[in-house]
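Down below is the structure, laid out as structure tokens.
Order of the sequence lines fixes the chain letters, A, B, ..., with proteins taken first and strands second; residue numbering starts at 1 for each chain. Worth saying up front: this structure is predicted, and the values here are computed from it rather than measured.
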Amino acid sequence: MADEVTLLNTWPSPFGIRVRIALAEKGIKYEHKEENLQDKSPLLLKMNPVHKKIPVLIHNGKPICESLVIVQYIDEVWKETSPLLPSDPHLRAQGRFWADFLDNKVLDCVRKILLTKDEKEAGKELIECLKLLEGELGEKPYFGGEKFGYVDLSFIPFYSLFYSFETFGNISIESECPKLIAWAKRCLQKESVSESVADPEKVYHFWEQRKKKLGLE
Amino acid sequence: MADEVVLLDFWPSFFGMRARIALAEKGIYYQYRDEDLQDKSPLLLQMNPVNKKIPVLVHNGKPICESLIIVQYIDETWKGKSPLLPSNPLQQAQARFWADYVDKKIFPSLRDTWSTTGEQQEAARKEFIEALKVLEGELGEKPYFGGDSFGFLDVSLVPFYSWFYAVEKCGNFSTEAESPKIIAWAKRCMERESVAKSLPDSEKVYNYVLENKKKMGLE
């Protein structure tokens, strides 16, 4: 029986991009449904009644929510192709730690830059976080080592937002964290990534509009 | 070569309790070190330079940080006994989803119920009770969140039970009245040695909370 896979998503969401990259890495065919978050579909409300958020992966009718939970699920179900998490428990723990760092420390800064007036202060805090990530990357081609992996996948969607962070937050990521920019460009050479990430200019205009609506500009 | 396992922890920390329970479930011998969070040890700062927080599991000299990551590490490293995460990927995903829910909804609302006053406390209390009811729905008629066996989500949530008494006194409500099934589940978990040995006494936690409220000028 063929797998039925659907992704409920919105195009600017870095969390949705994580799932798209994972599905592309594994070569999984799926239906992409673009949600309007101002008018959520009955399907989204049924599949994620707790948080009512995207992304939601629906696999043979069963929903999986929260981007990192979805990515780990995809990795475990489609084990044979392009493993994302390493098999060694300690390396897995490290991968999960840095993904958690993205979803806590980095995301706090991102929210402040995009949704508040404290953009410049948050911009400085973001640079601090990015420098820690750059330190973790070190001289490796990817966070996963020789191969693109879980942390790379979790982080690269934020690259679509770098232009927005720089413009709103008055920072230059290229001059502060050149290794991260080199890493991002390396990731973008992968088809699974380049086909999944959002266009930075488009993303910037989206958030510029959103800030205007919220009275933040 | 024998495993060297050290847990850097702080006795009232529900995150630390998760690691203690997991280690006990697997029967792992380890050294427990209680940290003074006002005066963090060089070892803690060396082992968790990014967040500088407990718990940290140090296994043969290598650190693992963040409680849910530690529990999964313990489950994957000591596979033979008491599996905590289910083997089915969908059930694993559900367990992870709900553990994340506990971290996002139970932890902040519980914290704000004891550490704030007025409207903020009222809002936190409502959110805490609401979250417990959602979890009660997820538990359903099962003995444990894991089904018939004690598992990952049970480990993730049960530490908060040691704080219920303190939070009820501060917030002036009864968790038993609001979520009787959660209390029944917690008591069932407390019959397990791994849980009973890992959770501090509720009165001790309440006294700790009162001391903190004094320091914060809240009582």
Side-chain angles (χ1 to χ4, degrees), chain A residues 3 15 19 47-53 55-79 85-108 128-136 150-151, chain B residues 3 5 15 19 22 26 47-53 55-79 85-105 107-108 130-131 133-135 137-138 152-153:
Chain A
D3 278 312
F15 307 108
V19 180
M47 290 287 146
N48 192 357
V50 175
H51 296 305
K52 307 174 177 57
K53 285 182 176 179
V56 180
L57 189 78
I58 309 173
H59 183 205
N60 296 331
K62 304 235 168 101
I64 302 99
C65 308
E66 294 302 308
S67 64
L68 295 180
V69 176
I70 298 172
V71 169
Q72 289 180 81
Y73 173 81
I74 290 169
D75 204 30
E76 277 145 25
V77 172
W78 289 277
K79 266 183 164 42
L85 270 168
S87 48
D88 172 75
H90 192 252
L91 293 174
R92 287 164 78 86
Q94 281 184 325
R96 287 178 175 135
F97 174 84
W98 286 104
D100 177 82
F101 177 80
L102 287 166
D103 278 8
N104 284 292
K105 293 267 165 81
V106 173
L107 197 56
D108 273 347
E128 289 308 311
C129 289
L130 293 179
K131 283 189 167 158
L132 282 172
L133 283 158
E134 202 178 44
E136 173 59 18
Y150 185 70
V151 179
Chain B
D3 278 313
V5 184
F15 303 114
K26 301 285 186 175
M47 290 289 145
N48 192 357
V50 175
N51 295 330
K52 304 175 177 54
K53 285 183 177 178
V56 180
L57 188 78
V58 186
H59 182 204
N60 295 332
K62 291 192 184 159
I64 301 97
C65 309
E66 294 302 311
S67 64
L68 296 180
I69 294 174
I70 293 171
V71 171
Q72 290 180 84
Y73 174 82
I74 290 168
D75 202 34
E76 283 161 12
T77 304
W78 290 277
K79 271 179 156 53
L85 269 168
S87 49
N88 171 275
L90 185 67
Q91 287 170 355
Q92 269 187 32
Q94 284 175 331
R96 287 185 178 126
F97 171 85
W98 285 107
D100 174 74
Y101 179 86
V102 171
D103 277 2
K104 287 194 167 111
K105 300 277 177 183
F107 163 58
E130 178 60 41
K133 290 190 159 136
V134 172
L135 284 162
E138 174 57 20
F152 184 70
L153 183 52

message = So for atom NZ, which belongs to B/K26, do other residues, nucleotides or ligands contribute more than 12 heavy atoms lying within a distance under 6.0 Å?
response =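 For B/K26, atom NZ is crowded (more than 12 foreign heavy atoms under 6.0 Å).
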key: A/H51, part contacting chain B, at a heavy-atom distance under 4.5 Å   =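 A/H51 touches chain B through side-chain heavy atoms alone.
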ask   = For A/R92, is it the side chain, the backbone, both or neither that has a heavy atom under 4.5 Å from a heavy atom of chain B?
value =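 Only the side chain of A/R92 comes within 4.5 Å of chain B.
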key: Part of B/W78 within contact of chain A (heavy atom distance under 4.5 Å)   =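 It is neither, since no heavy atom gets under 4.5 Å.
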ask   = For B/N51, is it the side chain, the backbone, both or neither that has a heavy atom under 4.5 Å from a heavy atom of chain A?
value =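 The answer is both parts of B/N51.
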inquiry  = Looking only at heavy atoms and a cut-off of under 4.5 Å, which of B/V134, B/V50, B/D100 has the most pairs with chain A?
reply    =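 Most heavy-atom pairs within the cutoff with chain A belong to B/V50.
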key: Most chain A-contacting option - heavy-atom pairs closer than 4.5 Å, from B/Q92, B/R96, B/K104   =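 Counting heavy-atom pairs under 4.5 Å, the top option is B/R96.
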message = Quick check on the interface: out of A/H90, A/Q72, A/K62, who has the most heavy-atom pairs with chain B under 4.5 Å?
response =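 Heavy-atom pairs under 4.5 Å are most numerous for A/H90.
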query = Relative to chain B, which of A/K105, A/E136, A/E76 shows the most heavy atom pairs under 4.5 Å?
reply =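 Between A/K105, A/E136, A/E76, the count favours A/E76.
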ask   = Do you know the tightest heavy-atom contact between B/I64 and A/A93?
value =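 Minimum heavy-atom contact is CG2-CB, 3.7 Å.
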query = What heavy-atom pair brings A/V69 and B/F97 nearest, and what distance separates the two atoms?
reply =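 Reported closest heavy-atom pair: CG2-N, 4.1 Å.
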Working to the nearest 0.5 Å, report the span between [atom1] of [X] and [atom2] of [Y].
{"X": "A/R96", "Y": "B/I69", "atom1": "CZ", "atom2": "CD1", "result": "7.5 Å"}
{"X": "B/L90", "Y": "A/N60", "atom1": "CG", "atom2": "CG", "result": "10.0 Å"}
{"X": "B/C65", "Y": "A/F101", "atom1": "SG", "atom2": "CZ", "result": "12.5 Å"}
{"X": "B/Y73", "Y": "A/L91", "atom1": "OH", "atom2": "CG", "result": "9.5 Å"}

